[in-house]
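Structure, as structure tokens:
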Number of protein chains: 2
Amino acid sequence: MSTTARRRHGRIGEKLHDVLSARYHWWRCERCESAGEQTRLLLLEAAFREIHEQGFQAASLSRILKDTGVTKGALYHHFPNKQALGYAVVDEIIATTLRERWVKPMQEANDPIVTFITLLQEEGKQIDEEMVRLGCPLNNLSQEMSPIDAGFKSRLESIYDEWREAIAQALRRGQGHGQVRPSVNVEKAAIFIVASLEGCLGSAKVAQSIDVLHACGTGLIHYLKSLHT
Amino acid sequence: MSTTARRRHGRIGEKLHDVLSARYHWWRCERCESAGEQTRLLLLEAAFREIHEQGFQAASLSRILKDTGVTKGALYHHFPNKQALGYAVVDEIIATTLRERWVKPMQEANDPIVTFITLLQEEGKQIDEEMVRLGCPLNNLSQEMSPIDAGFKSRLESIYDEWREAIAQALRRGQGHGQVRPSVNVEKAAIFIVASLEGCLGSAKVAQSIDVLHACGTGLIHYLKSLHT
DNA sequence: GTTTATACATACCAATCGGTATGTTTGTCA
DNA sequence: TGACAAACATACCGATTGGTATGTATAAAC
């Protein structure tokens, strides 16, 4: 049985898609409509990791191919060029992850400040050394590509807008419920909250220290509490 | 008169070194001990700009040589490799600029909070569109190189440490003078101040908007005022 | 005037990059 | 069972990269 055949027909079953597709590229994904779609997702995830580790410009297609076992012909069958691969990573991985972890919880929040602090603490617990070293994928890509590529810039800016908007809306609802001081400019507050969160992740990355992350998080929490009535 | 000879002997006189060395590479710098030192500084400044615009890894030595009119032989006479050139940019340009603009003023501050807010506003005025597009050189280089190069990491981290230390010391003096609330943990506050300032610059860079920068600065000022007694 | 080190200048190199052209395998549908 | 398109696989390409080897001009010392 050839490697190619195994990649297309093999099955495992129960385990998580993310783990499998990252580790066993011969696993046939049930969620995928076709075998081609599976290869595409495999490439997307590998590209995400490569970009997270090296940055977009330094990300090597050859290395992605080596890591996945996919050939260059396959890659260029699914993506017209490196830029399109990068855009797909932003749209299909970074944007969706942020929506799931940060936007949705804020949209469903009863108390915006309590919710955000809880979110900070829960996400903070999940961050390991590897994550501290590499930093926030959204921030990394934004800082690198926004000034030099309009396609990246518009995509990444939309993500930030969505995030800030969710926070601002939640803060405004909080004002209605008497949880947030009426004098607070919710749009400006949202801008600062997102900026300082990214700043904290960046500081922790430079220091490669979870302690710095938590110390910085404390400051952000103090600011958030200062918005409370 | 050959280009080489003009570069070594030419003189102009009164004007500023920075402007001259950037525009007229044949100007003989009085501050420089030797003709070689002048070429070295010319390369350093060009490298700083190239790194600021492209990032370190994407920075092209060929482009630096093209911009300055210096040849490859001259570059490798002054710097053993690209990495050493990058380190020199950090040590001799980025570190000194930060000390001058942010560390010294805080060391000499009477009221740390008032001083920092004033500093924010004054530096904020000087930031033009080009600066918003390219972002903070210190932050850019830190985010790009810290995870992948120990030499960059230690240099950049030292700069941040020095900066935070100056802020923390100033806040502590402020506590002594009754200007800063005694309950404030000055080290953690300094970490958060630096982080959110860099975060604000990063947010403005992604949005390529001075408005975002000022909105974000407002948030930081609110936080700083919350430290006041 | 000769020597010597500094300060370049020119030509070249292997490695890697993103991208392309062309050939082959596979699943599907008639 | 044959046709056909989707899904790859292999080989190759020009451009650019950081780096090196070698040659030359200049200023200062003797």
Side-chain angles (χ1 to χ4, degrees), chain A residues 1-10 25-26 28-29 32-44 46-47 50-51 54-89 145 148-149, chain B residues 1-10 25-26 28-29 32-44 46-47 50-51 54-89 145 148-149:
Chain A
M1 200 177 190
S2 75
T3 305
T4 305
R6 274 176 46 222
R7 188 179 306 134
R8 296 228 176 104
H9 300 293
H25 63 265
W26 43 265
R28 177 67 161 83
C29 165
C32 308
E33 295 169 10
S34 66
E37 191 66 16
Q38 183 193 352
T39 304
R40 209 188 95 98
L41 283 181
L42 181 61
L43 285 168
L44 266 185
E50 173 76 5
I51 292 171
Q54 311 283 339
F56 177 75
Q57 296 179 93
S60 159
L61 298 183
S62 326
R63 219 177 292 135
I64 292 173
L65 299 177
K66 205 173 157 191
D67 290 348
T68 55
V70 175
T71 62
K72 192 164 268 193
L75 194 157
Y76 276 90
H77 172 75
H78 289 287
F79 303 96
N81 49 40
K82 189 188 180 184
Q83 189 186 51
L85 177 61
Y87 288 176
V89 165
M145 298 307 294
I148 58 178
D149 185 297
Chain B
M1 199 180 191
S2 75
T3 305
T4 305
R6 276 181 39 225
R7 189 179 305 135
R8 297 226 176 104
H9 301 292
H25 64 266
W26 43 266
R28 178 65 161 83
C29 167
C32 306
E33 295 169 11
S34 65
E37 190 66 16
Q38 182 192 354
T39 304
R40 210 189 96 98
L41 282 181
L42 180 62
L43 285 168
L44 265 185
E50 173 76 6
I51 292 171
Q54 311 282 339
F56 177 75
Q57 295 178 94
S60 161
L61 297 183
S62 325
R63 219 177 292 134
I64 293 174
L65 299 176
K66 205 172 155 191
D67 290 348
T68 54
V70 174
T71 62
K72 192 163 270 193
L75 194 156
Y76 277 91
H77 172 74
H78 290 286
F79 304 96
N81 51 40
K82 188 187 179 185
Q83 191 187 50
L85 176 61
Y87 288 176
V89 166
M145 298 307 295
I148 58 178
D149 185 297

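Quick note on labels: first sequence line is chain A, next is B, and so on, each numbered from 1.
For the pair I64(A) CD1 and dG19(C) C1', the interatomic distance rounds to 14 Å; values are reported in whole Å. Rounded to whole Å, atom P of dA7(D) lies 13 Å from atom CG of L41(A). Straight-line distance from the CG atom of L65(B) to the C1' atom of dC8(C): 12 Å, rounded to whole Å. The NZ-C1' distance, from K72(B) to dG23(D), rounds to 17 Å in whole Å. In this structure, the NZ atom of K66(A) is 9 Å from the P atom of dT16(C), given to the nearest Å. A straight line from CD of Q54(A) to P of dG18(C) spans 11 Å, rounded to a whole angstrom. What separates CD of Q57(B) from P of dT17(D) is a distance of 14 Å, to the nearest Å.
Among the protein residues, A58(B) comes within range of no part of the nucleic acid, since none of its heavy atoms lies under 4.0 Å from any strand.
For the pair L61(A)/L85(A), a side-chain contact is recorded, criterion being any heavy-atom separation below 4.5 Å from C-beta on. M145(A) is listed as a side-chain neighbour of Q57(A), based on a closest heavy-atom distance under 4.5 Å.
Contacts with DNA chain C (heavy atom under 4.0 Å) in residues 74-85 of chain B: A74(B), H77(B), H78(B), listed by number.
If you take NE2 on H77(A) and OG1 on T71(A), they are separated by 11.0 Å, rounding to the nearest 0.5 Å. Here the straight-line distance linking atom NZ of K82(A) with atom CD1 of I51(A) works out to 7.5 Å at 0.5 Å rounding. The line from CG of L75(A) to OG1 of T39(A) is 10.5 Å long, rounded to the nearest 0.5 Å.
The ring-ring contact (aromatic ring centres under 6.0 Å, His included) test applied to F79(A) returns no partner, not counting sequence neighbours.
Remark: T39(B) is not in phosphate contact with dA7(C), judged by side-chain N or O atoms under 4.0 Å from OP1 or OP2. Remark: T71(B) is not in phosphate contact with dC8(C), judged by side-chain N or O atoms under 4.0 Å from OP1 or OP2.
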